[in-house]
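Both ligands and their constituent atoms are indexed starting at 1 by order of listing. This structure is a prediction, so every number in the text was calculated from the model and none was measured.
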Amino acid sequence: MSTDFKSLQIENRVFPPSAEFQAKARISSMDEYKKLHAESINSPDTFWAREASELTWQKRWDKVLDWQPPFAKWFVGAKVNVSENCVDRHLTTHRKEKVAILWEGEPGDTRTLTYAQLHVEVCKFANVLKAQGIKSGDRVLIYMPMVPEAAIAMLACSRIGAVHSVVFGGFSAESIKDRLHDSGAIAIVTADGGWRRGKIVPLKPHVDTALSSGESNVKKVIVLKRTGQEIAMQAGRDTWWHDEVAKVDANCPAEGFDAEHPLYILYTSGSTGKPKGILHTSGGYLVGTYCTSKYVFDLRDDDVYWCTADVGWVTGHSYIVYGPLANGATALMYEGAPDTPHFGRFWEIIQKHKVTILYTAPTAIRAFIKWGDEHPNKYDLSTLRLLGSVGEPINPEAWMWYHTVIGGGRCPIVDTWWQTETGSIMITPLPGVTPTKPGTATLPFFGVDAAILDEDGNEVGPNEGGKLVIRKPWPSMLRTIYGDAERYQQTYWSTYKNIYLAGDSSRRDEDGYFWILGRIDDVLNVSGHRLGTAEVESALVSHPAVAEAAAVGRPDEIKGQAVVVFVTVKAGVQPSDALAAELKKHVGNVIGAIARPDDVRFTAALPKTRSGKIMRRLLKEVVAGGVVKGDTTTLEDFSVVAALQASGKDDE
Ligand code: WT7
């Protein structure tokens, strides 16, 4: 894709923070931000040592950073326990009896866990893991609904040095299997099911299917009872969470691990069919999520903070569990859907629990707009003081609606740009400082040396598009792709020497604000989640009727991008609406509902370059409305493309 265009979208509205918000904020002037940012770039050791000193280290570091590009070690020589920082650290303070996790189930059941109670639960479950033979460095796959035990399981892993890999509960058995294989996990923590849209989403049955081929290293499956329906339990392998917890005590000292000890692997889509296992380690990730949570959400002791993400995504890791808990915040967790049992569910929760900070995604905001203002307008949202957005560019209309209808015009909006790979927020307003403009994530956070480069590696001028890069290492950066250092180097560090390539295109306006324009690779953003076109394609060709497939994104009012697939069928197969429906279902089964194509279009042949590459740009243009769409069974006619091929123009 070409990135050397001038963006025509210029947004002129500017919203400075209110004097009231600014007066109370931790950082309250642009001068202060600039000074701290300059220090964080010019003397990163000083800046990060100061931030890290606010946390608990069992042994202090000898050196803040050891950078052997592209491999970084942060807080070299230090010993740290992440769960101790998220839990134990608060027990000697006034936060001991403060609510750590405030949970609401979809059926309306609620639970609160104070820091003292969370400590007991984390210690007990850590002892359960130990009793099951799990040791430091072992990988544990977590496949859970949005219940407190998901966070407890993550923290328990970190307490004993086990490496968790959370798999989003919406992913399929096949996805679990791939991740088990890649991570070599020896245990799974799951639940019978979870509640979503008034129905039970089965989880344990998917685990059973994933394990049925017998190829994994999994010895133990620990099952939480959440929904209570009948499930199969395999003797010797499967055991109930409550039975195991009843056998252990609550004494589990927090052992110190090397700051670079792996904390978790989280899989994310890339440009091949195989998701990448992003590896995050302990000390730097803890410091990064702690520091960003503190400054970006300007956390105060009386906040009720709600991040609506699922723990299966990085946002849930960094901004439901690690960052907020390291700050001793009260984090709200909600199990279910925003439209169950009614369209006002989120606003009802905000009113009921007096939520002060809401962090959600543009795709959700666009759905709320569609459902109508009457739903939020029924509830008291006056406790809200700060709003956040993450996952994809927020369109100015959605931003304005969020600002006025939800924020009552008084709440700053932090539009936070970051990635699974970056571990924590990278480009964002500071709520007491940065004048915001609808649609831009504004300025780099501390320690982030962001820039936009052209093909030759030169910085582009104002409002010119280019590739978004980060020129210096930062504490919460990924350390590698699990088991594939070569792919790590290739994907992120080979386009420009020793510079991190984010995979997004962007422009900076005259104020230096970053406007994210979209991905530069074959990765779609569906409802704020990454999806590789190659993953969808390989799922399709695994169906016996499919010869070849190409997946592309189509702009979608709610989801950001919808998945459209072009399919050629094998000889003797007749394209039909029934087959289209079957293929949609098939992709849903192979990857998960999120990947289910919105549209299946059969074609006699896919347009290709002379070297045989599928011309995705052309397909994108076709789905964006360039060609009138017939019914799903109509064969697309790409004969026009033959001219392009004949002229020898190797597009793309
Ligand atoms: C990609 C990362 C970060 C947690 C959720 C997604 C897009 C993310 C923004 C934003 C514009 C954004 C980028 C990025 N993205 N936040 N505020 N404005 N685009 O994590 O699945 O790793 O996806 O999401 O394209 O590269 P992820």
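Aromatic ring centres of Tyr143 and Phe168: separated by at least 6.0 Å.
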Which pairs of N or O atoms, one from ligand 1 and one from the protein, are separated by less than 3.5 Å, and what is the distance for each pair?
residue  : atom   : partner : partner atom : Å
ligand 1 : 15 (N) : Gly391  : O            : 3.3
ligand 1 : 16 (N) : Gly391  : N            : 3.1
ligand 1 : 17 (N) : Asp415  : OD1          : 2.7
ligand 1 : 17 (N) : Thr416  : O            : 2.8
ligand 1 : 18 (N) : Glu392  : O            : 3.4
ligand 1 : 19 (N) : Pro393  : N            : 3.4
ligand 1 : 22 (O) : Thr420  : N            : 2.7
ligand 1 : 22 (O) : Thr420  : OG1          : 2.6
ligand 1 : 22 (O) : Arg530  : NH1          : 2.9
ligand 1 : 24 (O) : Gly391  : O            : 3.3
ligand 1 : 25 (O) : Asp504  : OD1          : 2.8
ligand 1 : 25 (O) : Asp504  : OD2          : 3.1
ligand 1 : 26 (O) : Gln419  : NE2          : 2.9
ligand 1 : 26 (O) : Asp504  : OD1          : 3.2
ligand 1 : 26 (O) : Asp504  : OD2          : 2.8
ligand 1 : 26 (O) : Arg519  : NH1          : 2.8

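The cationic group of Arg179 lies under 6.0 Å from the six-membered ring centre of Phe171 and within 45° of the ring axis, placing it in a cation-pi geometry. Judged by the 6.0 Å and 45° rule, Lys437 forms no cation-pi pair with Phe15.
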Checking Tyr264 against Val166 for the side chain to side chain contact (heavy atoms under 4.5 Å, CB included) test, could you report, in this order, the C-alpha distance in whole Å, the side-chain angles of both residues, the deciding distance, and whether it holds? CA-CA 8 Å; Tyr264 68 80; Val166 183; over 6 Å; no
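In this pair, His164 and Tyr322 present their aromatic rings parallel. The plane angle is below 30°, not in the 30 to 60° band.
A salt bridge does not link Glu464 to Arg507: none of the charged nitrogens lies less than 4.0 Å from a carboxylate oxygen.
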